[in-house]
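Data first, discussion second: the structure below is written as structure tokens.
Within every chain, numbering begins at 1; the chains are lettered A, B, ... in the order of the sequence lines, protein sequences first and strands thereafter.
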Protein chains: 2
Amino acid sequence: MDQKAATPRKRATIKDVARLAGVSPGTVSNALSGKRRVDSETQARITRAIETLDYVPNLAARGMRTGRAGTIAIFSSMPTAVAAGTSRLGFLMELAASAAVSAMESNTALLLIPPIADPGAALGTIAFDGAILVEPSANDPYLSLLAARGVPTVVIGPAEPRATLSVTLDYQAMAGMLFDHLAEGGATRIPLVIGQSPRASNEVFRAVYTARCAARGIVPQVIALPEAEGERGAREALGTHIAAHGPPDAVLVPIDAMATGVMAALRGAGLDVPGKVRVATRYDGLRARSETPPLTALDLHLDRVADLATRLLVDTLETGTDGASIAAPAPELVVRLSTARS
Amino acid sequence: MDQKAATPRKRATIKDVARLAGVSPGTVSNALSGKRRVDSETQARITRAIETLDYVPNLAARGMRTGRAGTIAIFSSMPTAVAAGTSRLGFLMELAASAAVSAMESNTALLLIPPIADPGAALGTIAFDGAILVEPSANDPYLSLLAARGVPTVVIGPAEPRATLSVTLDYQAMAGMLFDHLAEGGATRIPLVIGQSPRASNEVFRAVYTARCAARGIVPQVIALPEAEGERGAREALGTHIAAHGPPDAVLVPIDAMATGVMAALRGAGLDVPGKVRVATRYDGLRARSETPPLTALDLHLDRVADLATRLLVDTLETGTDGASIAAPAPELVVRLSTARS
DNA sequence: CGTGTGCTGTAAAACGTTTTAATGCACTAT
DNA sequence: ATAGTGCATTAAAACGTTTTACAGCACACG
């Protein structure tokens, strides 16, 4: 039964095809790419030759000539890789999955680049024509590296002055929707639990939060802590906060890892959700949904966001035009049990 | 402020480096790859030249010479792309995320290949050295295509005679663990809701199920339906089943989309989970966890599975040795509310 | 002295495409 | 007739590496 390993025949090249079809390699190339007309009769001979020889073009050679790799890369910056962990990964993966199919529709393949220790060195190892950068932080190392290498890059995230291409997420709207939803039940004690790093997301949420608090005449309670402490940090911080200031009516906690901590703290304090306290977070991912009760969150339409980003990128690559900035579709509130009306 | 677009300087080539360092291109190549010794003093001159010229190797050219693309691709076969949808996607993405970091550790990038309409054509468009194929179906088109192209492929899934490389998932163990867990409460009416396509997963689950039913002297109730009907199909099928045969004690429903349908049917019939009926599914993903109540499932250790597969693949690529088959780590039961003891 | 033997280095030949400039060739318009 | 105009095709030059075969040189060994 052991089939002898088929002779490792050298793969047919474009020259072989040309010879068999009785034309020059150049003509075969044109027939393949459609860059110039070739007579329909020779066209036919060529396709026949391709079939019989089972020819498949050598992409490295083509790439060398054209200077294109036929791939785009999706990055998540995330210097503190480990801390962010699965939750952030879900966000990225949702984008990646959609980007992959959009890219494929444009005859481009998607490279999934995990957070890496030495971006500078690694970038030289990977061939790609353009990049999608997900929620870069304040002054992200990737952004400068990619710019330095002259790689067209579309940023998914906050409006980023350094980026020529972007699909901008409206953190303002997100914060507003979540806050209003929590406040509309008449809540007056609504702490904001948030990361303290200088990401746009943190800053905007904080700003909107304080503004709306002021508008409603309720006193803001900002609990900022390092992202790295995530779940545990949020649990402890909210615990001591409750001890000091008494129980809240609601909690706005954009980062889902922290939301888990918040839920634990509330359970610990014997505060029923949503009975006593209503809770909402930002990203409607695995984490928000597997909480008990599941958390109200935002549908950010990440599939469409990824699709927009990918199309923008490949368009730019193809036309060579200069950048553009597209707004992401408006987020939608997904009301779950954690904010159910009593 | 508007910085004039930097002159689009042509990128430095290895020749430029050679010239500046006063050596031949060949020597630079050797210095870079370490394939041959080069004098430490010239080595130093070369690295200096590389830095001042900001040289970064042209990967297409290198790839053409070496015949290596520096990438591996991860595929999910899934001809019926849409039907499978998000749930299956989660499974794939979990693998992909881990594979991406493992690959990167081996200086390889991971291509995320979505299900595509015309695999045969598309494969010629993408450059990769090896492939990871996730749960290929009975006679998967990809498997033959990849084999025909001579691309080393590791299969994650059932033991697959056609594959020389694989990380095998133990469906037998999975089915056994889930069944025993459901049966151990003394349940005697335990329908199996399952897909009817000839995937190994379906077949093994069915076989184990009937065997264990026989062992316990309980009568098997197999409800097989097309995967494509997924959630809705399972809901309707279980509904009519209950009408005909009365309520079950437990339901074993490996495919998570169908599990959602099963939960709906049970709710419809007024059967409390886990009070009246206990339910378990296979993949512990978004879907299982966001069910109410969340479903007992299996932790398949997909991160380790992906890591094994990736390492196996790059090892094979590097050493050129022949295939091997590795067993995936044993699955672990994750007991959730859907099978809580009353 | 003559001959082997390491050690660094080089020149030049690939690798398989795409692209550029040129070549016929058949027409049409003058 | 002559010149001009497309059109389909071709020959050959790139593209930037790696690799192969060879050369020089110093040194040790007989």
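- Expressed to the nearest 0.5 Å, how far CG of B:Leu145 lies from CG of B:Asp140 amounts to 9.0 Å.
- Nucleic acid contact class of A:Lys35 (heavy atoms, under 4.0 Å, all strands): sugar-phosphate only.
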Kindly list each side-chain donor-acceptor pair under 3.5 angstrom involving residues 50-60 of chain A, sequence neighbours excluded, with atom names and distances?
residue, atom, partner, partner atom, Å
A:Thr52, OG1, A:Ala49, O, 3.1
A:Asn58, OD1, A:Ala60, N, 2.9
A:Asn58, OD1, A:Ala61, N, 3.0

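- The line from CD1 of A:Ile46 to CD1 of A:Ile14 is 8.5 Å long, rounded to the nearest 0.5 Å.
- A:Thr42 has a side-chain polar atom (N or O) that falls below the 4.0 Å cut-off from OP1 or OP2 of D:dT9.
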Please tabulate, one pair per line, each protein N/O and nucleotide N/O from nucleotides 11-14 of chain D that are separated by under 3.5 Å, including the distance.
residue, atom, partner, partner atom, Å
D:dA14, N3, A:Arg65, NH1, 2.6

For residues 112-131 of chain A, please give each side-chain donor-acceptor pair under 3.5 Å, one per line with the distance, not counting sequence neighbours.
residue, atom, partner, partner atom, Å
A:Asp118, OD1, A:Gly120, N, 3.3
A:Asp118, OD1, A:Ala121, N, 3.2
A:Thr125, OG1, A:Ala122, O, 3.3
A:Asp129, OD1, A:Ala69, N, 2.7
A:Asp129, OD2, A:Ala69, N, 3.1
A:Asp129, OD2, A:Gly70, N, 2.8

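- Here the C1' atom of nucleotide D:dG24 and the CG atom of B:Asp39 are 15 Å apart, to the nearest Å.
- Between B:Val305 and B:Pro329, the shortest heavy-atom distance links the atoms CG2-CD, 4.0 Å.
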For residues 103-111 of chain B, tabulate all N or O donor-acceptor pairs below 3.5 Å that involve a side-chain atom, not counting sequence neighbours.
residue, atom, partner, partner atom, Å
B:Ser106, OG, B:Ser102, O, 3.4
B:Thr108, OG1, B:Ser106, O, 3.1

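- Side chain of B:Arg62, nearest nucleotide from D:dT17, C:dT8, C:dT18: D:dT17.
- Listed pair B:Arg37 / C:dT8 meets the phosphate criterion, a side-chain N or O lying under 4.0 Å from OP1 or OP2.
- C:dG9 atom P lies 8 Å from atom CD1 of B:Ile46, rounded to whole Å.
- Note on residues 309-319 of chain B: pairs passing side chain to side chain donor-acceptor pair (under 3.5 Å), not counting sequence neighbours, are B:Asp307-B:Arg311, B:Thr319-B:Thr321.
- Across B:Ala31 and B:Gln43, no two heavy atoms sit closer than the pair CB-OE1, 3.6 Å.
- Applying the side chain to side chain donor-acceptor pair (under 3.5 Å) rule to pairs touching residues 28-42 of chain B yields B:Glu41-B:Arg45, sequence neighbours excluded.
- Residue-level contact check: A:Ser33 touches neither bases nor backbone, having no heavy atom under 4.0 Å from any strand.
- B:Thr13 comes within 4.0 angstrom of sugar-phosphate atoms only, judged by non-hydrogen atoms across all strands, and of no base.
- Counting to the nearest Å, the P atom of C:dC15 and the CE atom of A:Met64 are 12 Å from each other.
- Rounded to whole angstrom, the span from the CZ atom of A:Arg68 across to the C1' atom of C:dT19 amounts to 16 Å.
- Remark: P of D:dT18 and NZ of B:Lys15 are 13 Å apart, rounded to the nearest angstrom.
- B:Thr66 has no side-chain polar atom (N or O) that falls below the 4.0 Å cut-off from OP1 or OP2 of D:dT18.
- Considering only residues two or more places apart in sequence or on other chains, B:Thr66 meets the side chain to side chain donor-acceptor pair (under 3.5 Å) condition with none of them.
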Check nucleotides 22-24 of chain C for protein N or O atoms closer than 3.5 Å to its own N or O atoms and list the pairs.
none

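- Nearest heavy-atom pair, A:Thr168 versus A:Ser325, reported as atom, atom and distance to 0.1 Å: CG2-OG, 3.6 Å.
- Within residues 47-54 of chain A, no residue is approached by DNA chain C to less than 4.0 Å at the level of any non-hydrogen atom.
- Note on the helix from C:dC1-D:dG30 to C:dT30-D:dA1: terminal axis deviation equals 50°, with five pairs used at each end and the result rounded to 10°.
- To the nearest angstrom, P of C:dT17 lies 9 Å from CG of A:Leu59.
- In this structure, A:Ile156 and A:Leu133 have side chains that are not in contact, with every pair of non-hydrogen atoms separated by 4.5 Å or more.
- Distance B:Asp16 CG to D:dC15 P: 11 Å, rounded to the nearest Å.
- For A:Arg19, the salt bridge (Lys or Arg N to Asp or Glu O under 4.0 Å) criterion is met by A:Asp16, not counting sequence neighbours.
- The side chain to side chain donor-acceptor pair (under 3.5 Å) test applied to B:Thr153 returns no partner, not counting sequence neighbours.
- Residue B:Val38 is the one, among A:Ile14 and B:Val38, whose nearest nucleotide of DNA chain C lies closer to the 5' end (criterion: closest heavy atom).
- Atom CD of A:Glu41 is separated from atom C1' of D:dA8 by 13 Å (rounded to the nearest Å).
- B:Ser98 places no side-chain N or O within donor-acceptor distance of the main-chain N or O of B:Leu95, the cut-off being under 3.5 Å.
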